[in-house]
Each structure stands twice: as C-alpha cells, then as structure tokens.
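What you see below is based on every heavy atom in this structure, not just the backbone, and it leaves out hydrogens, waters and symmetry mates. So that the names make sense, note that chain A is the first sequence line, chain B the second, and so on, each numbered from 1.
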Amino acid sequence: MSEFLSQHKRSHNCNTLTKADLGREVILMGWIDSLRDHGGRRFVDLRDRYGLTQIVFKPETDEAQHARAQELRNEWCIGIRGVVEDRTANGGSANPRLTTGEIEINVLELEVFNKSAVPPLQIEDNIDTSEEKRLQNRVLDLRRGPLQRNFHLRHRIAQATRAQLDEEGFLEIETPILVKYTPGGARNFVVPSRLNPGSFYALAESPQLYKQMFMMAGFDRYFQIAKCFRDEDLRGDRQPEFTQIDLEMSFVQEEDVQGVVERLVARIFKEAMNIDLQLPFKRMSYADCMARYGSDKPDLRYGLEHTILTNVIADFDGGGVPFFKSTLDDGLMIKAMRVPSEYKMSRAETDKLEDLVKQLGGAGLGRAKVGDDGAWSQSPFAKVISDECRLAINQAVSAETGDLILFQFGKPKQVHMILAALRTHLAKKFELAKTLKGNDAWSLHWVTDFPLFEHDEESGNHVAAHHPFTSPQKGHEDNLVSDPGSVLARAYDLVLNGNEIGGGSIRIHDDQVQAKVFDALAMSDEEKQAKFGFLLEALRYGAPPHGGLAIGLDRLVMILTGATSLRDVIAYPKTQRGTDLLTGAPTPVDTHQLKEVHILSTAEKKTNA
RNA sequence: GGGGCGGUAGUUGAGUUGGUUACAACAUCGGCCUGUCACGCCGAAGGUCGCGGGUUCGAGUCCCGUCCGCCCCGCCA
C-alpha cells in the first residue's frame, strides 16, 4: 500500500480545476499524457478519463521533486500533491483548448504508482495504427480519447434506456444464457454439459422465447439489455456476442410497440446527442424499399432511387434489344438506377463501378448516357433499342439530359443487392450523407409488411423470414397453406441511416394459427414438440396477445458515435475470424478437460506460423 | 464456401527492371534548455522485410504454399 495513498485522497479529476481554484492545494492522480522538459521547468500533462491538467516541476519549489521529474516517462501512473497556480501569472500562456488551460499545478509531492514500459501504440486521439496492433494491445487502445468517449456514450444510452423503459412500466428481468439447443436459424454456440454426458446447451441467440413466456406469465411489459450469441461469420457490424435492448409487451398492436420504441429512441438521441427527433418515424413497406432502393434497410438521406423496368420493357417485347428480350424470356428482372448529371464520373470511374459489380457476382453493368432529346450514348443498347422503348425507359426513371442510367439484369435478389451496393457506393463517393448537418444527418424509419416466409433454395421449403412465432397479417391466415409466399407478417424493422438497428413483430398467441404456420414450414408434430414443445404448452393456458422488438445496442452506439466498426464500441471485441487478439481466445483445451465434458475433438492439429 | 486489399525498425509508411551497408517520419535512449502545450536543439540506437519452400551468382522485390488482419458476397429465423 502506497504511503501517498494512505495519506491523500484524490481531491479533483483532471478536467475540473480553473482559475476559481487558484491557491488551493489539490491531489490529482492519473497518467502522464505528455512531457515537456525545459531544464529549469518540467511540464507534464496529467490525464484521466475526464481530461488533462498541466502540472509543473520547479527547482525553486522543490529541488528534489524537480530532479525526480526528469525520470518521468509517458504513461506512468502517478499521483501528485500541489498548488493551483495561474499560468499567465507564472510567466506562461493559457491553453484555450483545455478546460483547465488557465491553470497549472505546482507540484509539492510526487508519487509514482507504476512506471510504464514504452507503449507499443501512441496514446493519442488520432492514431493510424493497424487494428491488429490495437486489438493486441487493447488496454492501451482503450486509454485513447475516442474509445473512452465511445464507452461514455454507450453508458449514457444504456442508462437512458433503463430510465425510459422503467418510466413506461417495463420490468427488467434476466433470462438464461445457457439455453436449449434448437437447430435452424442462426448457428448456435454449443456448450457441453458435464453433468449430462452427450448433451449440450446452446448460448442464447436472443431471449426471444423466454420473453414471450414472460408475457404468458403475466409480466405484461419486460425489457432487458441482453447479451446474445450467434456463431455466424463476422462483419464490421456483426460480432459473435453482442447486446440487444430487448423488450416485449402484452395486449398490443404494432403501433403500440413502435410508439414505445420511438419514445425510447428519441430519449436516447436527446440524452446522448442532444438531438430532438421528430415523431412518429416514417413508415415504408418492405416491397417499396426493395423496389426503390434494393434494400430492406435503405438510407433515406439521399436519392439515387431505382426503377424496376421489367414490365416497361416487356411492353415493347424487349424494344429490339436481343439481351433485353432474352432476359425477359428467362423470367428475370430488369432494373435501373438513374445517376443525375451533377454526379459526374469519367469513363474510368464508371468502369470501376463495373469492377465492383463483378466483385459482387454480377455479370456486368449496363449503362446509357442520356443526351438531348433522350438519345443514348456510351451504351451497348443505344444502336438497337427502339425509340419508343428508350423513351419509355427514360420516362420511367425520370431521366434528364446528362444523366447516366445504370442497368442490372438477373434474379431479383441479386439485381436488388447489386444496385443497392452501387447506390451506397456512389453516395459514399459523392459524400451525399456525410455532408449533412443537424437533424438532416439522421434518418429513422420503420420498414413494415415483410413477407412471413422466405423461399429457401437449398431445401426448396419455406422458412420463417423473421421467426416462426411471428403473426401473419389479418386476413392472410387462410393463405398460410395455399399460398405461403404471399403472406405478409406483422413484423417491423427500425432503420437508422441505412442500418437495421431493430426488429420485431406481433407474435402468434393463438395455437390454431401457430399450427398452420408450422404446417407451412413443413414441420412435423414430433419436430415442433421436440423444438418448441415448452412454448406450445404455454400457449395453451391463456396466452395474451403480445409483441415486441429488439434494438441492436452495439450498432446504435456505433452509429451515434460515428464509429466505423462495432469493434470500436465493444470493449473487448473479436476479429473477423472470431479470435480475441488480447487473450488469444479461443484456445485448444487438453484432452482430459474434453473428456470431463464427454467430447472428443475431430479437428486436425494446426501449426501456427 | 467465394472475391478483394494488406503484412518492411516500437508505430505508420517508402523501397524502381531482382544488384553496395533496406530509407523516412514519429516514438525510444543520451545530452542541453526557466514557460512549454505537435516544445526546441545536438547526438545515438533500433530490422528473422509475417512464416516455410523454390527459382537465381544474388530475392523485401519473381514463383508456390501457409499464417494473420481488414472489406465484401453467401450466411446472420
């Protein structure tokens, strides 16, 4: 135990002292952010999570302390006792960039708690160190201002969430992390059970079924800031363990859930960002999103809308363009995006767009430059297309002189995906969203009317688009068996600046409807009982109508902090390969540990470089 | 499962057609400096060019394999 600590308590943090404190004796503790040694004056910027304070060592104050100060180095953790003095009166100048910039602490006593080896990264706001080095040295990385601020904001958001949902009558209840393994959907992390040889838990993908059962238990309004685990491939915005603001409500319709979420998000924006959002948020149907933006989470802060041309061109039987004709004959989609003339691109730049299309798996990029009178140039279709078809296309996409029309042909899913990628690519290139200020910089909207099922190409079956407990829309129940592909769901996603930050639905509370949905999913009685028997059982005893939603907390924090990766808002994140460079996890475990949990590894031994 | 980019002092980068002792900035270390706050000045040290193999008189550079990081498609009910 340090003598210094037993005699002194920290009196202030490094961001509070001002001229109002002149003459006070204070105790500060923190890290050495930087050093400036002038021989007879030794300056140290002392840093803690709150800010910086300059401390100064002067030989006339204390010869010995001044001499010791020469030994100090960056990132040492120290404590000091000293007197608040006026920088200007001391013959220096104030630093207007610091809250504490008008004062400095004349050091009377110095305590070194712990020296620091030379840090492998610089502790500065703007570093260009590779992410690999940063993750390997995460403790030092986390000392940096931007990450410290990200976690402050994350804390504010979590607290605003608790306060708001508490005020709205929600109960915060925890659910298990070790849960029943259910195949289908996201891949589960699997945990062997030592006490039950050959059996396994899964780590919870989400508290979905538990929260529904809370409703059946009568808790009425539940929320949780819940850890979730999914063993899928990682992305910049996907980590294998992540956090959801999870909520569920009884006796509600879509607009009730959406209203709660809108008020919650508005409160988060107000408390964390001091931004007043306008309520309610816009609503767009899934079909509309896909047609106009090629995405179920479009960024609505800019245009670059798409137009489906399949029917337009079919009216002209391909308009004399053999490729159009063969595309139509194959039953494929033709879609275009108009790039207005103010977004100027050279030939080389449009060629680069085509490279992007090919990287995404597209065959190529159809183009047409629109001239006077709607004539096309720089286009493989220009010479053969009929005037009528060309004009109809121009009209359909609202083309004006100087515009560029980009075409995609093929399966709808891929056509949408590629044009959506081009749209976001061009928006980035021309900085369409980045330059927006104030409220214009934020776009929130609901996407509604999702299909209840998706067609799974692998199995040929229908699979639940959201999850199998999502309620079909009213009047659609009869189509569940006859035409499942046409059934819309009572599901809704919340989109922020082109990111899906939340999703939810009104659930099925009627076991007859639930049975039909399982039928449409081609699920046998044994299968439903084995997987979801506990839920079906609960549905038999007075299940209330209910619905809810989950917000991806990490993603929300990422967007609000302006971070470009989830890794900057999760304290100890995983790399794209799912490893933790700080601790080295995951690691092999020895065979006797495996034996204890009754499993045997089939992995081949890896040799590390 | 697939496509793309990258790995060179502690850190970030440069390194030509394969050719002396692999270069710069910042950081580090030593010295000087009484008003700095991107302090300044003088000096020094610092390298298994991710790893393994091959071609060659000679490889950071060319070829093959492999490991690692990042971005994207698939995947993520």
Side-chain angles (χ1 to χ4, degrees), chain A residues 33-45 52-60 66 70 73-75 85 87-98 100-101 104 117-124 126-137 140 182-188 205-206 208-209 228-240 242 355-362 413-414 417-418 421 424-425 450 452-454 456-458 462-470 489 491 500 503 505 521 531 552 564-565 567 575-577 579 581 606-609:
Chain A
D33 194 65
S34 66
L35 296 144
R36 292 173 296 280
D37 185 349
H38 288 241
R41 285 285 178 276
R42 297 198 166 115
F43 300 102
V44 173
D45 285 345
L52 293 177
T53 298
Q54 173 166 289
I55 64 179
V56 61
F57 294 84
K58 300 192 255 193
E60 67 267 31
H66 174 262
Q70 190 171 22
R73 292 293 180 270
N74 283 333
E75 297 310 317
E85 295 182 352
R87 286 200 197 186
T88 318
N90 281 351
S93 47
N95 183 344
R97 290 192 299 277
L98 299 181
T100 61
E104 63 189 0
V118 175
L121 354 140
Q122 255 105 277
I123 314 300
E124 299 168 348
N126 300 305
I127 58 168
D128 43 14
T129 307
S130 73
E131 195 153 3
E132 191 173 358
K133 294 285 189 308
R134 287 177 46 205
L135 292 175
Q136 283 165 357
N137 302 282
L140 295 175
T182 50
R187 196 175 289 116
N188 289 287
E205 294 168 26
S206 77
Q208 182 61 38
L209 300 178
C228 305
F229 307 86
R230 295 180 189 173
D231 188 9
E232 295 291 345
D233 287 2
L234 279 64
R235 288 289 159 75
D237 63 352
R238 279 177 5 207
Q239 282 275 309
F242 59 99
D355 291 342
L356 175 67
V357 170
K358 285 178 176 166
Q359 277 183 24
L360 294 172
K413 198 176 166 191
Q414 193 178 22
M417 182 274 286
I418 288 174
T424 50
H425 177 85
F450 281 86
L452 187 61
F453 302 107
E454 278 169 5
D456 179 35
E457 296 200 5
E458 260 179 61
H462 286 286
V463 294
H466 186 56
H467 60 60
F469 315 104
T470 302
E500 183 200 323
S505 64
L521 292 168
K531 283 184 184 173
T564 50
S565 152
R567 294 182 295 274
T575 69
Q576 191 164 47
R577 281 183 147 78
T579 63
L581 297 182
K606 271 196 191 172
T607 48
N608 287 321

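Of the candidate nucleotides B:G35, B:C70, B:A27, B:A27 has the atom lying nearest to any side-chain atom of A:N74. Out of B:U12, B:U34, B:C29, the shortest distance to the side chain of A:R73 is found at B:C29. Distance from the side chain of A:R41 is smallest for B:U34 among the nucleotides B:U11, B:A38, B:U34. Residue A:L360 has its side chain nearest to B:C72 when only B:A27, B:C37, B:C72 are considered. Closest to the A:E232 side chain, of the nucleotides B:C73, B:C76, B:U11, is B:C76. If you check B:U34, B:C76, B:C37 against the side chain of A:R36, the one that comes closest is B:C37.
Evaluation of A:H38 against the base of B:U36 yields no stacking contact (centre distance < 5.5 Å, interplanar angle < 30° required).
One donor-acceptor pair, N or O on each side, does fall under 3.5 Å between the base of B:C33 and the side chain of A:D37.
Nucleotide B:G19 forms a pair with B:C57, judged by Watson-Crick or G-U wobble geometry with both contacts under 3.5 Å. Using Watson-Crick or G-U wobble geometry with both donor-acceptor distances under 3.5 Å, B:G52 finds its partner in B:C64. Base pairing analysis places B:A44 opposite B:U28; the two distances defining the Watson-Crick or G-U wobble pair are each below 3.5 Å. Pairing for B:G69 goes to B:C5, judged as Watson-Crick or G-U wobble with the two contacts each under 3.5 Å.
With no hydrogens or angles considered, no side-chain donor-acceptor pair links A:H462 and A:E454 at under 3.5 Å. Remark: the A:Q54 side chain and the A:R36 side chain contain an N/O donor-acceptor pair separated by less than 3.5 Å.
When heavy atoms are screened at a 4.0 angstrom cut-off, A:G236 is found touching the sugar-phosphate backbone but no base atom. Residue-level contact check: A:R567 touches the backbone only, with heavy atoms under 4.0 Å from sugar-phosphate atoms and none from bases. A:R187 comes within 4.0 angstrom of nothing in the nucleic acid, heavy atoms only. A:A465 comes within 4.0 angstrom of sugar-phosphate atoms only, judged by non-hydrogen atoms across all strands, and of no base. Within 4.0 Å of A:D128, counting heavy atoms only, lie sugar-phosphate atoms of the nucleic acid but no base atom. Residue contacts for A:P468: at a heavy-atom cut-off of 4.0 Å it reaches a base atom on one of the strands shown.
In this structure, A:V56 and A:Q576 both approach RNA chain B, and ranking their closest nucleotides by distance from the 5' end singles out A:V56. Between A:S34 and A:G92, it is A:G92 whose nearest contact on RNA chain B lies nearer the 5' terminus.
Of the side-chain N and O atoms in A:S130, none sit less than 4.0 angstrom from OP1 or OP2 of B:G7. Between A:K133 and the phosphate of B:G6, there is no side-chain N or O to OP1/OP2 separation shorter than 4.0 Å. Applying the 4.0 Å criterion to OP1 and OP2 of B:G35, one finds that A:S93 has every side-chain N and O outside that range.
Salt-bridge formation is detected for the pair A:R567/A:E131: a Lys NZ or Arg NE/NH1/NH2 atom is positioned less than 4.0 Å from an Asp or Glu carboxylate oxygen. Under a 4.0 Å N-O distance rule, the pair A:R41/A:E104 does not qualify as a salt bridge.
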